[in-house]
Amino acid sequence: MLGDISMASNINIVTGYTDMRKSIDGLCAIILDQLCTQPDERSIYLFCGKRCDRIKVLLREPDGYVLLYKRLDVVHGKYRRPRNSSEVKPITWQQFDRLMSGLEIEQPKALRTA
């Protein structure tokens, strides 16, 4: 299926600001420079720009790349992602769900479920 991110076992977020004008080749170059690896079929990579209301997801499929782009419609909606230095940070599916819902990915006061 085209762009099926549920097949990914690794979710990586690039924590620095990304120029959202970059296309697939430019985002692959970021992954190569910061992770020192090529994008693989088990991983998705998330990129966010300075405005934090748009996010790009890069997915490698067996026959090529898929670039997903999401812009929040909420007037002042922002993705609450880590903003520390430019690095690539692995996150869990639960953190991915929080991020896409506009929440902080780290929830230190949230109750843990067994």
Side-chain angles (χ1 to χ4, degrees):
M1 175 189 246
L2 179 66
D4 184 9
I5 64 171
S6 66
M7 303 305 284
S9 57
N10 303 319
I11 305 170
N12 300 292
I13 184 167
V14 177
T15 59
Y17 295 115
T18 301
D19 181 352
M20 296 307 279
R21 296 172 294 176
K22 289 190 182 293
S23 63
I24 291 172
D25 293 331
L27 298 175
C28 285
I30 291 173
I31 295 167
L32 183 62
D33 290 344
Q34 292 183 16
L35 265 182
C36 299
T37 187
Q38 291 287 339
D40 60 60
E41 295 174 18
R42 298 177 320 277
S43 302
I44 59 174
Y45 302 90
L46 308 171
F47 302 88
C48 193
K50 284 188 179 181
R51 290 173 35 181
C52 296
D53 66 340
R54 296 147 203 231
I55 200 159
K56 285 188 175 183
V57 179
L58 184 68
L59 168 67
R60 169 94 173 144
E61 291 188 333
D63 59 347
Y65 292 93
V66 175
L67 183 61
L68 304 171
Y69 183 77
K70 183 176 179 183
R71 183 190 66 184
L72 292 175
D73 280 339
V74 181
V75 176
H76 295 290
K78 293 194 181 288
Y79 290 108
R80 289 167 173 71
R81 60 174 186 79
R83 290 191 185 100
N84 48 345
S85 63
S86 293
E87 61 183 26
V88 178
K89 177 183 177 180
I91 62 173
T92 65
W93 278 106
Q94 184 179 30
Q95 290 172 319
F96 175 78
D97 186 46
R98 287 180 190 147
L99 177 68
M100 291 294 121
S101 299
L103 302 172
E104 295 282 343
I105 64 171
E106 298 296 333
Q107 297 286 324
K109 294 182 180 181
L111 298 174
R112 293 188 187 263
T113 58

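No experiment lies behind these values; they were computed from the predicted model shown.
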Looking at side-chain heavy atoms only, is the closest gap between [X] and [Y] below 4.5 Å?
X   : Y   : value
L59 : E61 : yes
K56 : T18 : no
I55 : L99 : yes

D40: which residues meet the side chain to side chain donor-acceptor pair (under 3.5 Å) condition with it, sequence neighbours left out?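 So D40 forms a side chain to side chain donor-acceptor pair (under 3.5 Å) with S43.
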
Would [X] end up clustered with [Y] when hydrophobic side chains under 4.5 Å apart are linked, directly or stepwise?
X   : Y   : value
I13 : W93 : yes
L72 : M20 : no
L27 : L32 : no

Rounded to the nearest 0.5 Å, how far apart are [atom1] of [X] and [atom2] of [Y]?
X   : Y    : atom1 : atom2 : answer
D97 : M100 : CG    : CE    : 9.5 Å
I44 : N10  : CD1   : CG    : 9.5 Å
T92 : I11  : OG1   : CD1   : 7.0 Å
I24 : Y65  : CD1   : OH    : 8.5 Å

Across all chains, not counting sequence neighbours, the side chain to side chain contact (heavy atoms under 4.5 Å, CB included) partners of L68 are I5, V57, V66

Looking only at heavy atoms, which two atoms of C48 and R54 are closest? And how far apart?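 Minimum heavy-atom contact is SG-O, 3.3 Å.
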
Could you pull out the closest heavy-atom pair between Y17 and C52, with the gap in Å?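 Looks like CE2-SG, 4.4 Å.
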
Do the side-chain N and O atoms of S23 and D25 include a donor-acceptor pair separated by under 3.5 angstrom? no

